[in-house]
Structures are given as structure tokens and as C-alpha cells.
Chemist: 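If you scroll down you'll find the structure; I have some questions about it.
When reading the values below, keep in mind they use all heavy atoms of this one structure, side chains included, and skip hydrogens, waters and symmetry mates. Model, not experiment: these values are computed from the prediction.
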Amino acid sequence: MLKKLVLLPLLLAPWLGAASAAPLSKTATGTAAYALATYRGALIDTLGQLVRYNTVADPAVPFEQNPQQQAFKRYLRGEAQRLGLDYHDYGHVMVIGLGSGKERVGIITHGDVQPVDPSKWARSPFDLDRTSEPGRLLGRGTEDDKGPIATALYAMKAIKDRQVHLSKRLELYVYMAEESDWAPLQAFLKDHPPPQMNITLDSEYPAVTAEKGWGALKISMPAQPAPAVDGPVLQSFKGGFFGSQIPEDASAVIAHATPALEAQIRARGAAQSGMHYQFQWQDDALTVTARGLSAHSSKPEAGVNAISMLADALQVRPWQGTAPAAMVSLLNELVGTGLYGERFGAIAYRDPFMGPMTVAPTVLKQDEAGLELNINLRRPRGKSKEELEAQVRQAFDGWKAAHLPQATLTAEIGDPWLQDSAPQLDTLLTVFGHYTGQRDAHPVAIGGSTNSRLFPHAVSFGPAMPHTVYTGHSEHEFITEKQLLLNLQMYTTAMVEMAR
């Protein structure tokens, strides 16, 4: 019975709207209009300063000794003081506040960012680029999540300027390891009670009330003895950058290749949508370089997976005798160029609200020991962790028995999340509808994981619009000036309404 009751909000969620919410107050919309008129330039300037700091986690440098992370924190402290907001430093967590009410509203963000390949950017990804693509603000963190931090700061400043009476205290949380390690935040919340009501500015509109479970498969194939085969040999196969990015790049090296083989691979690759290939010869060795399109791994449909596509392009002949040859076989048999695990045994399924399971190879590394492939999973409700892992292993074991008994698999499978108690939800939907004209807005589910899971009564609210490409984690991250300013209005209004 309990299971049926828990499922009910999921089944109803697509039809929930803002009909029951009270109209927005003139105080809230007036403060938002003031924020837009007063701080549009300052908001972009502050975003530019935040982007300057390379806050990618460095495994070799502890957080407390990372000069970029600590400089970012010092700048943020200075900005809070300049704007007349109180500031508290708890190590990995900074809390910037306004007001003194016993009840609190949390605005949850993060200041760290994902790794970046500077060679793929028109200008440095840590220099806010306002000119390369007019109307767009390009830089690492502009959408995920430094844009939301800057926007929240000026929303709070506008509320302070207008001396809006708040019955609840506003607290902006900036966490510095969201992209790499949630443990410090979990430890912090054990000793510091979080606000009673929260919004996370790390996803999309209208409001996110469900998130798929994150999962990772690691498949290892040991190096093989020199193959005793005639003809072409697949010597190398690698690609990808980091685990939560759809890989934009992949490459393969073929020894004893022939012009006829190149022509076959070239023709198969040319039939793929969104892919670009280069071919380079050195003696009889052919290097095939594939270029797709990077995207957040929770949205594989927004990218073009270079690892999957290159494996498909190489499917012009049976490869044998090497670990790369076995990996091409595994990718083509169990993954293919689809997104939803349709070939991976029985693991494919979908939920009416949360959508389908997604399966995306993200990183393929090769060294003297062999190959290691990382596959990112995003799973909805509908199967237990144990059932899904058993299905993964059954499919892998079948391939392994037929092709490479030495291959190994490890699996980490997380849980989906559903928020079914968010008293601020109708208010957020009303705010979104007021500023966008979409009066029938309803909650949505996403494939990503945000810190909403760790805070009570939390839902995500922006910064990305629905049905647009989310650029965070990609090598082309940006937020438009129009969207940044729209977010300023919506965040200001939402804060006033939640804290009045």
C-alpha cells in the first residue's frame, strides 16, 4: 500500500499546475522590476569575476590549499560584504544571508565547476566572453552554477534596497564540491540544521520535483598478447574527457591498414548524423579521429557520442586479437548508437513521469594494462537497484563468455529521487508562468542529480528554460543575457514570495 501511495505524486505530477497559488504580490514583482532596472550591468560584471576563478577540483591539491578555490571564496566574501549581506564560512560551504527570521528559506548553489578543454573555446573558458557570439555569455560556470550565484546575490541586494519586510530569513548556500564530492556537504548538514524550505538553482524550469538515479559501470579489458592475425589490427581505441560529459572526441589506431579499409570506415562514418572524421596515415598505420558534440551526460540526446559513433564506424569488419577489438565488439553489441540501453540485455525501461533509462559511454582509457570503459547510467523509478544490477551483469556475462572471459565489470547504481512535499511549488510555478506566459506550467523530472536531495522540501528552479539545450558540462557553456536577466526577475520574485 505504501508503494502505491508514494507512486501517486509521480503519476499525477505532469498535470499539476499553479492554479491553486495566490496571485503574486506587487511587492514581489515591483522588487523584481527594480532589480532588473538597477543591477543588470552589475550582475554581468560580477558573473565575469566569478568565472575568472578556475574552481575545478584538483585531486592532487586539498581543497583548503587550492589557490583558485580559496581566491573564489575570498571574492565571494567581499561581494557579500559590499552588497550588505551577512557571510559565514564553513569550509566547503558558504552561507550568505539576509534577514533574521527564525524560519529560513534556502537558495542552494555550487561554486565548483567541471573540467574544461581550453582548446575548444574561442577565448579562455575562465574569461567571460561577451563578444564571440552576441547575446551569449560564454564561460565555464555561466550556467552551472556561477550564473545562478551572481543572480541570487543581486536578487537579495534588491530586496535589501527596497527594505522588503521578510518574516523568513533568506540564506544563499554556495557549496564548493558539488561536481566531485558530496561528503563534505552531507557532513555539514549533520551539524548545521538546513533551512525549512529550499530551492536549488542548478537545473531547469518550471520546477524539478524528480531526478533519476546516477549510476556508473566500469568495464575493464586486460591487454592481450601480440595478435597472430593477418591483415589490419586495431591497436588503440580511446575517447572522452570526464564521466558526466557526453564525449566529443574519440580516436582509434589501426596497424596494417589499407586504403580500401579507410574508404569503408569513411563511408560508414559519413552516414552518421552530427559526426566529423579525420584520417591520418603513418606508414601503414591509420589513425581515425572522431569529433561529435559534448553535452551533460544526463541529457545524452543533446550531444553526439564520439565513442559510440566511432565504434559503429569501425564495424566494417570483424576485429580480433586485441583489447580494443574486444571493446569495439562490446560497444556495438551492448550499447550501439542508441541512448536508452535497448541492446544491453533487459535493462531498458521507462517511467511515465521520469522518462527512460539512459546509457552513455563517457570515458574510454587505454594504457599498458589494457582498456577501461566508463558508462554513465541515469535510471528512473520502476526497478529496484538489485534487479537492475542483476540485468546488467547478466547481459555483460553473456558477452564476456562469448568474447573475452578476462573482462571485468564493477557497478555503482544510485537511487532516483522524488520530492512529494514542497509547499512552495505552486508559488514557483506561478512565478514562472507570470514571467513566461506559460500559465499551464507543471513540475518536471530531470536525468541529473542536484543537492535538492539533501535539503528538506527542496525543488530545483532554473536556471535553464525547458526544451532548450542545457550547456553545463559541455565545451560550449553559456547563458544568454536575456535568460540571465529573466532569471534575476524570477529569482527576486520567488524569494520575496517565499520569505514574506
Chemist: With a 3.5 Å distance limit and no angle check, can you tell me whether K212 reaches the backbone of P416 through a side-chain donor-acceptor pair?
Modeler: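 Pair absent, no side-chain N/O of K212 close to backbone of P416.
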
Chemist: Check I149 against F72 and note the closest heavy-atom contact, atom names and distance.
Modeler: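 Closest heavy-atom pair between I149 and F72: CD1-CZ, 4.3 Å.
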
Chemist: Please determine, by modelled atom types, if S244 and W214 share a side-chain donor-acceptor pair under 3.5 angstrom.
Modeler: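 Side-chain D/A pair, S244 to W214: absent.
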
Chemist: Ring pair (Phe, Tyr, Trp, His ring centres under 6.0 Å), that's the test. Do F188 and H92 meet it? Break it down for me.
Modeler: CA-CA 9 Å; F188 168 83; H92 277 83; over 10 Å; no

Chemist: So, E143 versus T471: side-chain donor-acceptor pair below 3.5 Å or not?
Modeler: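 There is such a pair between these side chains.
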
Chemist: Taking T46 for its side chain and A150 for its backbone only, find out whether a donor-acceptor pair lies under 3.5 Å.
Modeler: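 Looks like no, no N/O pair under 3.5 Å.
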
Chemist: Heavy atoms only: give me the nearest G91-D89 pair and the separation to one decimal.
Modeler: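 Reported closest heavy-atom pair: N-OD1, 2.8 Å.
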
Chemist: For a quick check under 3.5 Å, do N451 and H110 share a side-chain donor-acceptor pair by atom type?
Modeler: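 Distance-only check fails for N451 and H110.
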
Chemist: Closer than 3.5 angstrom, by distance alone: can the side chain of Q224 be matched with the main-chain N or O of T322 as a donor-acceptor pair?
Modeler: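 Pair absent, no side-chain N/O of Q224 close to backbone of T322.
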
Chemist: Any carboxylate oxygen within less than 4.0 angstrom of a Lys/Arg side-chain nitrogen, looking at R379 and D415?
Modeler: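 Looking at D415 together with R379, the answer is yes, because their closest N to O distance falls below 4.0 Å.
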
Chemist: Minimum heavy-atom separation for A152 to I107, with atom names?
Modeler: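 Closest heavy-atom pair between A152 and I107: CB-CG2, 4.3 Å.
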
Chemist: Check the pair W281, T287 against side chain to side chain donor-acceptor pair (under 3.5 Å), reporting the backbone distance first and the verdict last.
Modeler: CA-CA 6 Å; W281 287 88; T287 298; over 6 Å; no

Chemist: For the pair N305 (side chain) and S308 (backbone), establish whether a donor and an acceptor sit closer than 3.5 Å, ignoring hydrogens and angles.
Modeler: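 Flag set: sc N305 to bb S308 pair under 3.5 Å.
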
Chemist: I'd like to know if the side chain of D181 and the backbone of E178 have a donor-acceptor N/O pair within less than 3.5 Å.
Modeler: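 It does not hold such a pair.
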
Chemist: Please work out whether the ring planes of Y491 and Y205 are parallel, tilted or perpendicular, with thresholds of 30° and 60°.
Modeler: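 Plane angle between 30° and 60°, so tilted.
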
Chemist: Do side-chain atoms of N376 reach the backbone of G215 as a donor and acceptor pair under 3.5 angstrom?
Modeler: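 Yes, because the side chain of N376 sits within donor-acceptor range (under 3.5 Å) of the backbone of G215.
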
Chemist: Does the ring centre of F432 sit less than 6.0 Å away from the ring centre of F461?
Modeler: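 No, the ring of F461 stays outside the 6.0 Å limit from the ring of F432, centre to centre.
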
Chemist: What's the shortest heavy-atom distance between Y173 and V93, and which atoms?
Modeler: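 For Y173 and V93, the tightest heavy-atom pair comes out as CD2-CG1, 4.0 Å.
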
Chemist: Does R52 make a cation-pi contact with F126, if we ask for NZ or CZ under 6.0 Å from the ring centre and within 45° of the axis?
Modeler: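 Checked: cation-pi criterion not met.
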
Chemist: Check whether W319 forms a cation-pi arrangement with R317 (NZ or CZ under 6.0 Å from the six-membered ring centre, at most 45° off the ring normal).
Modeler: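 Satisfied, under 6.0 Å and within 45°.
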
Chemist: Between D397 and R393, is the closest basic N to carboxylate O distance under 4.0 Å?
Modeler: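 Between D397 and R393 there is no salt bridge, as every charged N stays at least 4.0 Å from the carboxylate O atoms.
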
Chemist: For a side chain to side chain contact (heavy atoms under 4.5 Å, CB included) check, start with the C-alpha distance between T289 and Y277, then their side-chain angles and the critical distance, and finish with the verdict.
Modeler: CA-CA 6 Å; T289 303; Y277 288 91; over 6 Å; no

Chemist: Looking only at heavy atoms, what is the nearest atom pair of A422 and V459, with distance?
Modeler: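 Where A422 meets V459 most closely, the heavy atoms are CB-CG1, 3.7 Å.
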
Chemist: H476 and F478: aromatic ring centres closer than 6.0 Å?
Modeler: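 That pair passes the under 6.0 Å test.
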
Chemist: Report yes or no: does D312 contribute a side-chain atom to a donor-acceptor pair with the main-chain N or O of Q315 at less than 3.5 Å?
Modeler: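 Pair absent, no side-chain N/O of D312 close to backbone of Q315.
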
Chemist: State whether the side chain of E477 and the backbone N or O of D144 hold a donor-acceptor pair below 3.5 Å, judged by distance alone.
Modeler: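 Yes, because the side chain of E477 sits within donor-acceptor range (under 3.5 Å) of the backbone of D144.
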
Chemist: Under 3.5 Å, side chain of R268 to main-chain N/O of V316, donor-acceptor pair present?
Modeler: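 The answer is no, because no donor-acceptor pair under 3.5 Å joins these two groups.
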
Chemist: Testing the 3.5 Å rule here: is there a donor-acceptor pair between the side chains of D117 and S119?
Modeler: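 Indeed, the side chains of D117 and S119 share at least one donor-acceptor pair under 3.5 Å.
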
Chemist: So for atom CD, which belongs to Q394, do other residues, nucleotides or ligands contribute more than 12 heavy atoms lying within a distance under 6.0 Å?
Modeler: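 No, CD of Q394 has 12 or fewer neighbouring heavy atoms, counting only those of other groups under 6.0 Å.
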
Chemist: Does this structure show an ion pair linking K218 with E412, if we count only N-O contacts that are shorter than 4.0 Å?
Modeler: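 Salt bridge between K218 and E412, a charged N being under 4.0 Å from a carboxylate O: no.
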
Chemist: Could you check whether R266 pairs with E262 (Lys NZ or Arg NE/NH1/NH2 to Asp/Glu carboxylate O, under 4.0 Å)?
Modeler: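 Yes, R266 and E262 are salt-bridged.
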
Chemist: For the CZ atom of R343 and the CH2 atom of W399, what is their distance to the nearest 0.5 Å?
Modeler: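 It is 15.0 Å, given to the nearest 0.5 Å.
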
Chemist: If every non-hydrogen atom of S298 is compared with every non-hydrogen atom of G448, which pair is closest and at what distance?
Modeler: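 Minimum heavy-atom contact is CB-N, 3.3 Å.
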
Chemist: Would you say Y175's side chain and L185's backbone share a donor-acceptor pair under 3.5 angstrom?
Modeler: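 Yes, because the side chain of Y175 sits within donor-acceptor range (under 3.5 Å) of the backbone of L185.
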
Chemist: Rounded to the nearest 0.5 Å, how far does CG of L314 lie from CG of L310?
Modeler: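 Reported value, rounded in 0.5 Å steps: 4.5 Å.
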
Chemist: Under 4.0 Å between a Lys/Arg side-chain N and an Asp/Glu carboxylate O for E372 and K365?
Modeler: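 Answer for the salt bridge query: no.
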
Chemist: For E333 and H403, which I'm curious about, is there any donor-acceptor pair between the side chains at under 3.5 Å?
Modeler: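 Yes, a side-chain donor-acceptor pair sits under 3.5 Å.
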
Chemist: Between Q391 and K383, is any side-chain donor less than 3.5 angstrom from a side-chain acceptor?
Modeler: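 Distance-only check passes for Q391 and K383.
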
Chemist: Do NZ/NE/NH1/NH2 and the carboxylate oxygens of E211 and R378 come within less than 4.0 Å?
Modeler: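 Salt bridge absent between E211 and R378.
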
Chemist: Given the rule in the side chain to side chain donor-acceptor pair (under 3.5 Å) test, do Q69 and Y53 qualify, once you have shown the distances and angles that lead to the verdict?
Modeler: CA-CA 7 Å; Q69 299 270 16; Y53 299 97; over 6 Å; no

Chemist: Ignoring hydrogens and geometry beyond distance, is a side-chain donor-acceptor pair present between N66 and Q70 at under 3.5 Å?
Modeler: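 Result is no, nothing qualifies.
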
Chemist: Does the side chain of T358 pick up a donor-acceptor pair with the side chain of K299 at under 3.5 Å?
Modeler: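 T358 vs K299: no donor-acceptor pair found between side chains.
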
Chemist: Considering only NZ, NE, NH1 and NH2 on the basic side and carboxylate oxygens on the acidic side, decide whether K120 and D249 come within less than 4.0 Å.
Modeler: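 Salt bridge: yes.
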
